[in-house]
Asker: 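My questions all concern the structure below.
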Amino acid sequence: MVICGGENVYPLEVENLISAHPAVDEVAVIGVDDPDFGQRLKAYVVPAGDAAVRPDDIKEYVRANLARYKIPRDVEFLAELPRNATGKLLRGQLTGGVK
């Protein structure tokens, strides 16, 4: 759970929604530090194939389906999500700098 401006946000809910987007292959949503709100959401997205998707497309998709405070402020595109040898997502490696 991430507390964003006093609101409780569950990243898994946002992940599940973004993963349903037709231009998204994989997604991970985490909380990152924010000087104004304590924490905010950041989404790491692996586009599906040659899909042309922009950060604003992801944000608009979430805006149309969830409350405003659940929209990731940052969307970063990756070629693949970091995983260990057994395929488990390594969320700790996603906590890099805020964009």
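These numbers were taken from a predicted model, which means no experiment stands behind them.
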Asker: Do any pairs count as a side-chain hydrogen bond (donor to acceptor under 3.5 Å, both in side chains) and have a residue in residues 4-14, sequence neighbours left out, and if so which ones?
Answerer: Glu13-Lys70
Asker: How does the hydrophobic cluster around Leu12 look, that is, which other residues are in it when side-chain heavy atoms under 4.5 Å mark a link?
Answerer: none
Asker: Under a 4.5 Å cut-off applied to non-hydrogen side-chain atoms, are Ile18 and Val75 in contact?
Answerer: no
Asker: Heavy atoms only: give me the nearest Arg40-Cys4 pair and the separation to one decimal.
Answerer: CA-SG, 4.0 Å
Asker: Just to verify, what does Asn84 make a side chain to side chain donor-acceptor pair (under 3.5 Å) with, not counting sequence neighbours?
Answerer: Thr86
Asker: So which atom in Pro22 and which in Ala48 form the shortest heavy-atom distance, rounded to 0.1 Å?
Answerer: O-CB, 4.1 Å
Asker: At what distance, to the nearest 0.5 angstrom, does CG of Asn65 lie from CG of Leu17?
Answerer: 5.0 Å
Asker: Would you indicate whether Asp50, at its atom CG, is surrounded by more than 12 heavy atoms from other residues, nucleotides or ligands within a distance under 6.0 Å?
Answerer: no
Asker: Tell me, please, which residues at least two apart from Asp57 pass side-chain contact (heavy atoms from CB on, under 4.5 Å).
Answerer: Val53, Arg54
Asker: Here's a test for you: under side-chain contact (heavy atoms from CB on, under 4.5 Å), which of Gln93, Arg91, Lys88 qualifies with Pro82?
Answerer: Gln93
Asker: Mind checking what makes side-chain contact (heavy atoms from CB on, under 4.5 Å) contact with Phe37, not counting sequence neighbours?
Answerer: Asp34, Arg73
Asker: Among residues at least two apart in sequence or on other chains, which ones pass side-chain contact (heavy atoms from CB on, under 4.5 Å) with Glu26?
Answerer: Val46, Leu81, Arg83
Asker: Compare every heavy atom of Val14 with every heavy atom of Leu41, then report the nearest pair and how far apart it is.
Answerer: CD1-CG2, 3.9 Å
Asker: Could I get the full list of side chain to side chain donor-acceptor pair (under 3.5 Å) partners for Asp25, not counting sequence neighbours?
Answerer: none
Asker: Quick check on Ile3: does its CD1 atom have over 12 non-hydrogen neighbours (other residues, nucleotides or ligands) under 6.0 Å away?
Answerer: no
Asker: Going by ring-ring contact (aromatic ring centres under 6.0 Å, His included), name the pairs with one or both residues in residues 48-75, residues two or more places apart or in two chains.
Answerer: His21-Tyr61
Asker: Run the side-chain contact (heavy atoms from CB on, under 4.5 Å) test against Gln39 and tell me which residues pass, sequence neighbours left out.
Answerer: Val2, Asp33
